[in-house]
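Only one structure is covered here, and it is reproduced in the block below.
In this text, all values refer to a predicted model and were calculated from it rather than measured experimentally.
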Protein chains: 2
Amino acid sequence: MPGRELLTAPVEDYLKAIYTIGKGTGAAATNEIAQRLALAPASVSGMVRRLADQGLLAYERYHGVKLTESGRRAALRTLRRHRVIEAYLAEALGYPWDRVHEEAERLEHAASDELVDRMAATIGEPEVDPHGAPIPTKDGSVDETVYTSLADLIVGASGVVVRVAGEDPEMLRYLGELSILPGKRITVKSRAPYDGPITLGSGRHEMSIGPALAAHVLVAPLADRAGKHG
Amino acid sequence: MPGRELLTAPVEDYLKAIYTIGKGTGAAATNEIAQRLALAPASVSGMVRRLADQGLLAYERYHGVKLTESGRRAALRTLRRHRVIEAYLAEALGYPWDRVHEEAERLEHAASDELVDRMAATIGEPEVDPHGAPIPTKDGSVDETVYTSLADLIVGASGVVVRVAGEDPEMLRYLGELSILPGKRITVKSRAPYDGPITLGSGRHEMSIGPALAAHVLVAPLADRAGKHG
DNA sequence: GGACAAAGTTAGGACATACTAACTTCTTTC
DNA sequence: GAAAGAAGTTAGTATGTCCTAACTTTGTCC
């Protein structure tokens, strides 16, 4: 367990949050960390100082925080644990995709690297979790491709859903019912003005979703066929 | 998660320890709890008072502690989690029996009851863990059969190993090498005097083990054939 | 360029759990 | 039944994490 057990659960959560906010390299603001972890900003100030003392963060008072290389590695280890566990719960134990997150959130702090590696091996070394998020490799690299949100697709554009960002179970269940899932192909049929609902085609179905929801659906665009017809 | 998340990991560990020491109904002494959890006795005094305040223990100063019904139920839930996880790690993930304990020790505090139930279902509702210890059922009952220790078997007696008590990995590996495992049949061939080594037959093999080790091997005695021959 | 809002920090305290050192109670033995 | 040793407790302290309340810094807008 290299570098394990030395980090407490709260510390791992901070690092994960900072990584996610800063998407790899970027910085994170105190308030944003606080909000993501549902803590008071004052608590974050305190913790962030300690993490900086441990060399996990670069911290400048009043100017937010950045992961150091060591902090980034720790964050990615936790993220790997989280996502492998999610994938394993879904694959091997039949968990529905809207409930893997909560369970993984606790297990990620208790599972050894060996367990996580065995899980990954057992389900065939998955590259993404059930929401389509990429799983960091053991040596600390991740696919950092930035995908387009469904909310940004123009009318007529098609794409394959690669990922659903966010873990609110209700949202996930709803998207699941609509069959908006990683791997599904969708086409934007129309968009109402003033940020109104977006009408989609997927397979034989047609459906309408709001822009807030659409923003969570990340797609890999396909060749745009709209041009051919108009 | 009925009754979950309310108990911290240390609390669950205390209850489990007290249950194991008191084997169900019995009481536990402060020092014994301290030793089992590798804590100072003073720490136990403090915690035990708090657990009594929460109604999990009956506590009389200077006279040890007893689980209440509610404490016993909590202890058994944790024990179930622990043993199901051990069984699952061995069955589904190929963990060797000498390492399941350590991993389960951490996971048992993080796993939800649902996860544990899914694990149990996936491997066919096991009744014992990889060491042969009985798994409490969901409704809180356990097999409390008391088995004979191999150290107590007389020369000529035969039995089936039902359980190996204790989790020291080195001991488990050693017993594994000797093939002294749950389900194996053994016969006591001879015993050296003054608590000396015990010679066993198991299958075609013959081997000798010390009494301290033999005390950890619990057997279900079979009809004694020694009488027939002498 | 100063005032105000937003963002961030410090101070002081709470809680759970652990520790060591010093004290008390229980048990056993003569 | 008293002394010695074992067992157990209290007192005081430490650590990690959190909180609220009050303060400071930063950034923006006229």
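- Here chain A contacts DNA chain C (any atom closer than 4.0 Å to a heavy atom, that is under 4.0 Å), and the contacts span C:dA7 to C:dT10 from 5' to 3'.
- Distances shown here put a side-chain N or O of A:Ser43 below 4.0 Å from the OP1 or OP2 atom of D:dC19.
- Backbone-only contact: B:Thr30 has heavy atoms under 4.0 Å from sugar-phosphate atoms and none from a base.
- When the P atom of D:dG16 is taken as reference, atom CG of A:Leu56 falls 14 Å away, rounded to whole Å.
- In B:Glu170, the CD atom is not crowded: 12 or fewer heavy atoms of neighbouring residues, nucleotides or ligands sit closer than 6.0 Å.
- Using a 4.0 Å cut-off between a side-chain N of Lys or Arg and a carboxylate O of Asp or Glu, B:Arg118 and B:Glu114 qualify as a salt bridge.
- In this structure, A:His63 and A:Ala38 both approach DNA chain D, and ranking their closest nucleotides by distance from the 5' end singles out A:Ala38.
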*Mind running side-chain contact (heavy atoms from CB on, under 4.5 Å) on B:Leu115 and A:Leu107 for me, showing each step along the way?*
CA-CA 10 Å; B:Leu115 174 59; A:Leu107 292 173; 3.6 Å; yes
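- Each of B:Leu150, B:Ile154, B:Val219, B:Asp152 was evaluated against B:Val188; a single residue qualifies, B:Leu150, per the side chain to side chain contact (heavy atoms under 4.5 Å, CB included) test.
- Distance, B:Arg49 CZ to D:dG8 C1': 12 Å, rounded to whole Å.
- Atom pair A:Leu37:CG and D:dC19:P shows a separation of 10 Å (rounding to whole Å applied).
- The separation between B:Asn31 atom CG and D:dG5 atom C1' is 13 Å, rounded to whole Å.
- Of the candidates B:Thr78, B:Leu76, B:Leu57, B:Leu57 is the only one forming a side chain to side chain contact (heavy atoms under 4.5 Å, CB included) with B:Leu15.
- OP1 or OP2 of D:dT10 has at least one side-chain nitrogen or oxygen of B:Arg61 nearer than 4.0 Å.
- In this structure, A:Tyr59 atom OH and D:dT25 atom P are separated by 13 Å, rounded to whole Å.
- For the side chain to side chain contact (heavy atoms under 4.5 Å, CB included) test with A:Arg163, the passing option among A:Ser149, A:Pro134, A:Pro182 is A:Pro134; the others fail.
- Following rounding to the nearest Å, A:Tyr62 (OH) and D:dT24 (C1') show an atom-to-atom distance of 4 Å.
- Along DNA chain C, the nucleotide nearest B:Gln54 and the nucleotide nearest B:Ala42 are compared for position; the residue whose nucleotide lies closer to the 5' end is B:Gln54.
- What separates CD of B:Glu60 from C1' of D:dA7 is a distance of 15 Å, to the nearest Å.
- We find that CD of A:Glu12 is positioned 16 Å from P of D:dG16, with the value rounded to whole Å.
- Of the options A:Arg77, A:Lys16, A:Arg81, A:Arg80, a side-chain hydrogen bond (donor to acceptor under 3.5 Å, both in side chains) to A:Glu108 is made by A:Lys16 and by none of the others.
- For A:Tyr14, a side-chain nitrogen or oxygen approaches OP1 or OP2 of D:dC18 to under 4.0 Å.
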